[in-house]
Amino acid sequence: MPTYRLESGADAKREAAVSAALVAYNDEHSEMLRQRLTPEHRLSVPLESYLLSEAGEVLGGCTGRAVPLWGWLEIDLMWLSEPLRGQGWGARLLRDVEAQATALGCTRAKLSTWEFQARPFYERQGYVVYAEEQDYPPGHTNFLMRKALTPPAGG
C-alpha cells in the first residue's frame with residue numbers, strides 16, 4: 001500500500017506541477033477556460049477614464065479590465081475628489097468605462113466595495129449585491145456587486 005506525506009513551504013516546481021494539473025483539468029471541462037489561456041485571449045484589456053482639472057490635476061478616475069471573451073468588465077478602482085461628489089462626475093466616469101467595455105462586447109460588469117465606500121452610488125448606477133464578505137478585513141464587510149451592461153445604441 002502506498003504511503004503519503006504532507007510537506008509545507010514554498011516550492012516553485014511543485015507549484016508549477018499543481019498549476020499545470022489544474023489547467024489541464026479546467027481545459028477538459030470548459031471551452032471558455034481553454035480559450036482564455038490562448039495567446040489571443042490571455043490578456044485582459046485595460047480601460048480607464050479620468051476627470052482632470054484645467055491644470056491637468058487628477059480629480060477622479062475609474063479603471064477596470066475587460067475580458068471580451070467572457071463578456072465581463074471588472075472595475076478595479078473608482079475615486080472622485082470629495083468636493084466633486086454628488087455632481088454626476090462619478091456616474092460619468094463609470095459610464096465611460098462601461099461604454100468602452102460594451103464596445104468590446106462585454107455584457108456584464110462586476111466590482112467590490114466596502115460598507116464605508118460607495119455601495120449606494122453603485123446601486124444608483126444599476127449594480128446589485130450578489131455576495132457579502134463579512135469581516136474582510138476584520139471589522140468590515142466587502143460587497144460584491146454586478147450589473148448587466150447595455151450595448152451602445154446602434155451596436
Side-chain angles (χ1 to χ4, degrees), residues 15-16 18-155:
E15 181 182 3
V18 170
S19 178
L22 180 59
V23 168
Y25 178 85
N26 291 346
D27 282 354
E28 287 179 37
H29 293 87
S30 173
E31 175 64 24
M32 281 290 174
L33 288 174
R34 186 172 35 258
Q35 287 181 31
R36 178 74 166 96
L37 295 175
T38 60
E40 63 271 20
H41 296 294
R42 184 168 304 228
L43 299 176
S44 56
V45 179
L47 305 175
E48 302 176 8
S49 184
Y50 298 100
L51 178 63
L52 306 175
S53 70
E54 282 186 67
E57 176 188 5
V58 176
L59 301 173
C62 181
T63 70
R65 293 168 287 133
V67 180
L69 175 67
W70 291 355
W72 278 91
L73 162 64
E74 296 178 24
I75 299 294
D76 295 323
L77 300 172
M78 177 78 185
W79 173 80
L80 186 62
S81 178
E82 190 85 34
L84 296 174
R85 293 178 188 173
Q87 299 178 33
W89 291 111
R92 289 175 64 185
L93 287 165
L94 184 59
R95 278 195 310 265
D96 186 51
V97 168
E98 290 173 347
Q100 293 175 53
T102 57
L104 294 171
C106 293
T107 58
R108 294 170 297 263
K110 67 179 189 168
L111 57 85
S112 67
T113 189
W114 284 296
E115 83 284 348
F116 59 87
Q117 290 181 320
R119 176 182 171 182
F121 165 78
Y122 290 121
E123 288 174 332
R124 288 191 301 274
Q125 308 315 309
Y127 286 80
V128 296
V129 172
Y130 68 90
E132 293 181 19
E133 297 172 315
Q134 297 194 2
D135 273 339
Y136 184 78
H140 295 286
T141 300
N142 187 40
F143 296 97
L144 305 178
M145 304 182 81
R146 68 178 167 216
K147 173 184 178 178
L149 297 177
T150 305

Side chain to side chain contact (heavy atoms under 4.5 Å, CB included) between D96 and C62, intermediate numbers included: CA-CA 9 Å; D96 186 51; C62 181; over 6 Å; no
Passing option when V97 is tested against T102, L73, D76 for side-chain contact (heavy atoms from CB on, under 4.5 Å): L73
Output the distance between atom [atom1] ([X]) and atom [atom2] ([Y]), rounded to the nearest 0.5 Å.
{"X": "Q125", "Y": "Y122", "atom1": "CD", "atom2": "OH", "answer": "9.5 Å"}
{"X": "L80", "Y": "Y50", "atom1": "CG", "atom2": "OH", "answer": "14.0 Å"}
{"X": "L59", "Y": "E54", "atom1": "CG", "atom2": "CD", "answer": "11.0 Å"}
{"X": "R119", "Y": "E132", "atom1": "CZ", "atom2": "CD", "answer": "6.0 Å"}

May I ask you to test the [X]-[Y] pair for a side-chain heavy-atom distance under 4.5 Å?
{"X": "F121", "Y": "L94", "answer": "yes"}
{"X": "L47", "Y": "E98", "answer": "no"}
{"X": "M145", "Y": "E123", "answer": "yes"}
{"X": "L52", "Y": "V58", "answer": "yes"}

Kindly check if the number of other-residue, nucleotide or ligand heavy atoms within 6.0 Å of [atom1] ([X]) is above 12?
{"X": "W79", "atom1": "CH2", "value": "yes"}
{"X": "Q87", "atom1": "CD", "value": "yes"}
{"X": "Y136", "atom1": "OH", "value": "no"}

Main-chain N/O of E48 paired to Q100 side chain as donor or acceptor, under 3.5 Å: yes
Exam field: side chain T113 to backbone Q117, donor-acceptor pair closer than 3.5 Å: no
Please list, one pair per line, the donor and acceptor atoms closer than 3.5 Å that link side chains of residues 104-112 to other protein atoms, with sequence neighbours excluded.
{"unit_1": "R108", "atom_1": "NH2", "unit_2": "W70", "atom_2": "O", "d": "3.0"}

Verdict with supporting geometry, R65 and V67, side chain to side chain contact (heavy atoms under 4.5 Å, CB included): CA-CA 7 Å; R65 293 168 287 133; V67 180; 5.6 Å; no
For the residue pair [X] and [Y], what are the closest heavy atoms and their distance?
{"X": "W114", "Y": "P137", "answer": "NE1-CD, 3.5 Å"}
{"X": "I75", "Y": "Y127", "answer": "CG1-OH, 4.2 Å"}
{"X": "G126", "Y": "K147", "answer": "O-CG, 3.7 Å"}

With sequence neighbours excluded, residues passing side chain to side chain contact (heavy atoms under 4.5 Å, CB included) with E82: R85
